[in-house]
Enquirer: 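Let me begin by handing over the structure; questions about it come next.
Just follow the structure's listing: the first ligand is 1, and inside any ligand the first atom is 1. Note that the numbering runs from 1 along the sequence shown for the chain. Quick caveat: nothing in here was measured; it's all calculated off a predicted structure.
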Amino acid sequence: MLPTDPHGFKRRGVLFVLSSPSGAGKSTIARALLAGDPDLQMSVSATTRPPRPGEVDGKDYHFVDLERFRDMVSAGEFLEWAHVFDNRYGTPRAQVEAILASGRDVLFDIDWQGAQQLFQIAGGDVVRVFVFPPSMEELHARLKRRGTDTTEVIDARMARAANEVSHWDGYDYVLVNDDVEQCIAKVRTILAAERLRRSRQTGLIGFVRKLRHGA
Ligand code: ADP
Ligand code: 5GP
């Protein structure tokens, strides 16, 4: 529950999911959201994929080997997990629970399989946003410009992108990341509105009772 406001309302935390084909701009959007919002914290996934240049263990991902990942699956440590490309990715459960318990919302950069599993578990607390690239040509250009992947990896990501975009109907919101600032502004608007949803507010009954009795 997030902190009580002056009227005695509390709010259930939001599990805010951003998905897109790799290279469409999720990380860029996520960074911008987190920068100005102390009430939002990133869920750091575990992955068996090797770190890219510049990626920091524990910050971008928890980089683990296959054996450790399998142990975590067996121990029920993941809220959800999936095969993506030739690697495995999963959301550590304890971290998400700790963020929610501290009164903050959680931001997830996970694929459609993760969004689907999270929705099965947490239903109405989950808000799912899918980000499209303006075109496949531009997606390819962004992956090349990012300069973090080999040509083979870029080709594999492009091959997967066509499948990824076909899962748009499993999302609550879809956006095109054309102008990045405009896209970030739209994602902020979605989060702000979702935080205000009546279904997330608790303590309303007591407040309305007082109103009805003229207090
Ligand atoms: P993802 O997290 O979805 O894989 P990134 O956020 O890493 O994607 O973005 C891929 C590349 O595209 C990065 O180099 C990023 O700076 C760039 N980028 C992101 N959004 C835009 C945009 N709207 N226009 C142009 N380049 C962008
Ligand atoms: P990347 O290798 O580019 O960091 O991520 C590849 C894909 O895996 C992206 O679509 C990203 O959203 C997804 N991903 C990252 N972490 C998780 C996770 O914990 N669970 C699931 N299901 N997907 C993830």
Enquirer: Quick one: do Glu67 and Arg70 make a salt bridge, cutoff under 4.0 Å?
Expert: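 Looking at Glu67 and Arg70, the cut-off is not met.
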
Enquirer: Nearest to atom 20 (N) of ligand 2, what protein heavy atom do you find, and at what distance?
Expert: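 Answer for atom 20 (N) of ligand 2: Glu80 OE2, 2.7 Å.
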
Enquirer: Checking the N or O distance criterion of under 3.5 Å, is ligand 2 in contact with Arg49?
Expert: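 Yes.
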
Enquirer: If you have a sec, work out which protein heavy atom is nearest atom 24 (N) of ligand 1 and how many Å separate them, to one decimal?
Expert: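 Nearest protein contact, heavy atoms only, for atom 24 (N) of ligand 1 is Arg142 NH2, 3.2 Å.
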
Enquirer: If you draw a 6.0 Å radius around CG in Leu211, do more than 12 non-hydrogen atoms from other residues or ligands fall strictly inside?
Expert: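 It does: Leu211 CG has more than 12 such atoms within range.
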
Enquirer: Atoms of ligand 2 less than 4.0 Å from Gly114 heavy atoms?
Expert: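 That gives atoms 22 (N) of ligand 2.
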
Enquirer: Decide whether an N or O pair under 3.5 Å exists between Glu55 and ligand 2.
Expert: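 No.
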
Enquirer: Report the member of Ser27, Ser45, Pro51 with the shortest heavy-atom distance to atom 16 (N) of ligand 2.
Expert: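 The nearest heavy atom belongs to Ser45.
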
Enquirer: Do Ser19 side-chain atoms and Ile110 backbone N/O form a donor-acceptor pair below 3.5 Å?
Expert: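 Answer holds: yes.
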
Enquirer: Could Asp111 and Lys26 be called an ion pair, given the rule that one side-chain N must be under 4.0 Å from one carboxylate O?
Expert: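 Judged by the 4.0 Å cut-off on N to carboxylate O distance, Asp111 and Lys26 do not form a salt bridge.
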
Enquirer: Which atoms of ligand 2 sit under 4.0 Å from any heavy atom of Ala82?
Expert: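 Here the atoms of ligand 2 in question are 22 (N).
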
Enquirer: Measure Arg160 to ligand 2 on non-hydrogen atoms and call it side chain, backbone, both or neither using the 4.0 Å cut-off.
Expert: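 Looking at Arg160 and ligand 2, no heavy atom falls under 4.0 Å.
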
Enquirer: Measuring from atom 2 (O) of ligand 2, which candidate in Tyr89, Phe108, Tyr61, Trp112 has the nearest non-hydrogen atom?
Expert: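 Considering heavy atoms of Tyr89, Phe108, Tyr61, Trp112, the nearest to atom 2 (O) of ligand 2 sits in Tyr89.
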
Enquirer: Between Phe132 and Phe130 (judged by ring centroids, cut-off 6.0 Å), do the two rings come close enough to count as a pair?
Expert: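 Close enough - the centres of the two rings lie under 6.0 Å apart.
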
Enquirer: Can you label the angle between the His167 ring and the Trp112 ring as parallel, tilted or perpendicular, going by 30° and 60°?
Expert: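 It falls in the parallel class, under 30°.
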
Enquirer: Using a strict threshold of under 4.0 Å (side-chain N to carboxylate O), is an ion pair present between Arg195 and Asp37?
Expert: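 Yes, Asp37 and Arg195 are salt-bridged.
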
Enquirer: Would you mind telling me if ligand 2 is within reach of the side chain of Trp81, the backbone, both or neither, using heavy atoms under 4.0 Å?
Expert: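 No part of Trp81 is near ligand 2 at this cut-off.
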
Enquirer: Taking Arg157 first and then Glu164, would you say they form a salt bridge - that is, a charged N and a carboxylate O separated by under 4.0 Å?
Expert: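 Answer for the salt bridge query: no.
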
Enquirer: Grouping I, L, V, M, F, W and Y whenever their side-chain heavy atoms are under 4.5 Å apart, do Leu175 and Met136 come out in a common cluster?
Expert: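 They do not share one cluster, since no chain of ILVMFWY contacts under 4.5 Å joins Leu175 to Met136.
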
Enquirer: Considering only non-hydrogen protein atoms, determine which one is nearest to atom 7 (O) of ligand 1 and report residue, atom name and distance to 0.1 Å.
Expert: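 Checked against all protein heavy atoms, atom 7 (O) of ligand 1 sits closest to Arg146 NH1, 2.9 Å.
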
Enquirer: What side-chain hydrogen bond (donor to acceptor under 3.5 Å, both in side chains) pairs are there with at least one residue in residues 205-215, not counting sequence neighbours?
Expert: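 Qualifying pairs, neighbours excluded: none.
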
Enquirer: Looking only at side chains, do Ser102 and Arg104 share a donor and an acceptor under 3.5 Å apart?
Expert: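 Checked: Ser102/Arg104 side chains pair up, N/O donor to acceptor below 3.5 Å.
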
Enquirer: Which residue supplies the protein heavy atom nearest to atom 1 (P) of ligand 1, what is that atom called, and how far is it?
Expert: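 Nearest neighbour among protein heavy atoms for atom 1 (P) of ligand 1, to 0.1 Å: Gly23 N, 3.4 Å.
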
Enquirer: Determine whether Val106 and Phe16 satisfy the following criterion, side chain to side chain contact (heavy atoms under 4.5 Å, CB included), listing intermediate values before the conclusion.
Expert: CA-CA 6 Å; Val106 191; Phe16 198 77; over 6 Å; no

Enquirer: One residue to check: Asp178. Relative to ligand 1, which of side chain, backbone, both or neither has a non-hydrogen atom less than 4.0 Å away?
Expert: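 Just the backbone.
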
Enquirer: So which protein heavy atom does atom 6 (O) of ligand 1 come closest to, and at what separation?
Expert: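 I find the closest protein heavy atom is Thr28 OG1, 2.5 Å.
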
Enquirer: Distance to 0.1 Å, residue and atom name: give those for the protein heavy atom nearest to atom 20 (N) of ligand 1.
Expert: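 Protein heavy atom with the smallest distance to atom 20 (N) of ligand 1: Asn177 ND2, 3.0 Å.
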
Enquirer: Return the residue, atom name and 0.1 Å-rounded distance of the protein heavy atom closest to atom 8 (O) of ligand 1.
Expert: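 Protein heavy atom at minimum distance: Gly25 N, 3.1 Å.
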
Enquirer: At a 4.0 Å threshold, what atoms of ligand 1 neighbour a non-hydrogen atom of Ser22?
Expert: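 Matching atoms, with element in brackets: 4 (O).
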
Enquirer: Looking at every non-hydrogen atom in both residues, tell me the closest pair between Arg146 and Thr148 and how far apart they are.
Expert: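 Closest approach of Arg146 to Thr148, heavy atoms only: NE-OG1, 3.0 Å.
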
Enquirer: Using modelled atom types and a 3.5 Å cut-off, is there a donor and acceptor pairing between side-chain atoms of Thr48 and backbone atoms of Leu66?
Expert: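 Absent.
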
Enquirer: Does an N or O anywhere in Glu164 fall below 3.5 Å from an N or O of ligand 2?
Expert: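 In this structure, Glu164 places no N or O atom under 3.5 Å from an N or O of ligand 2.
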
Enquirer: Determine whether Leu18 and Ile190 fall in the same hydrophobic cluster, where Ile, Leu, Val, Met, Phe, Trp and Tyr are linked whenever their side-chain heavy atoms lie under 4.5 Å apart.
Expert: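 As far as the 4.5 Å side-chain criterion goes, Ile190 and Leu18 are connected within one cluster.
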
Enquirer: What part of Val84 sits under 4.0 Å from ligand 2 if we count only heavy atoms: the side chain, the backbone, both or neither?
Expert: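 Answer for Val84: side chain.
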
Enquirer: Does any N or O of ligand 1 fall below 3.5 Å from an N or O anywhere on Lys26, backbone included?
Expert: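 Yes; at least one N/O pair falls below 3.5 Å.
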
Enquirer: Against ligand 2, does Ser22 come closer than 4.0 Å with any heavy atom?
Expert: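 Yes, that is the case, since the closest heavy atom of the residue is under 4.0 Å from the ligand.
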
Enquirer: Gly90 heavy atoms, cut-off 4.0 Å: which ligand 2 atoms fall inside?
Expert: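 Numbered from 1, ligand 2 contributes 18 (C), 19 (O).
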
Enquirer: Give the atoms of ligand 2, by number and element, whose distance to some non-hydrogen atom of Arg52 is under 4.0 Å.
Expert: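 Close to Arg52: 1 (P), 2 (O), 3 (O), 4 (O).
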
Enquirer: Considering only heavy atoms of Ser20, which atoms of ligand 1 have at least one such atom less than 4.0 Å away?
Expert: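 Those qualifying, in numeric order: 3 (O).
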
Enquirer: Give the numbers and elements of all ligand 2 atoms closer than 4.0 Å to a heavy atom of Arg157.
Expert: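 Here the atoms of ligand 2 in question are 1 (P), 2 (O), 3 (O).
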
Enquirer: Just need the protein heavy atom nearest to atom 11 (C) of ligand 2, so name the residue and atom and give the distance.
Expert: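 Here the nearest protein heavy atom works out to Asp109 OD1, 3.4 Å.
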
Enquirer: With heavy atoms only and a cut-off of under 4.0 Å, state how Gln117 meets ligand 2: side chain, backbone, both or neither.
Expert: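 For Gln117, there is no contact with ligand 2 at all, from either part.
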
Enquirer: To the nearest 0.1 Å, how far is atom 2 (O) of ligand 1 from its closest protein heavy atom, and which atom is that?
Expert: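 Answer, as residue, atom name and distance: Ser27 OG, 2.4 Å.
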
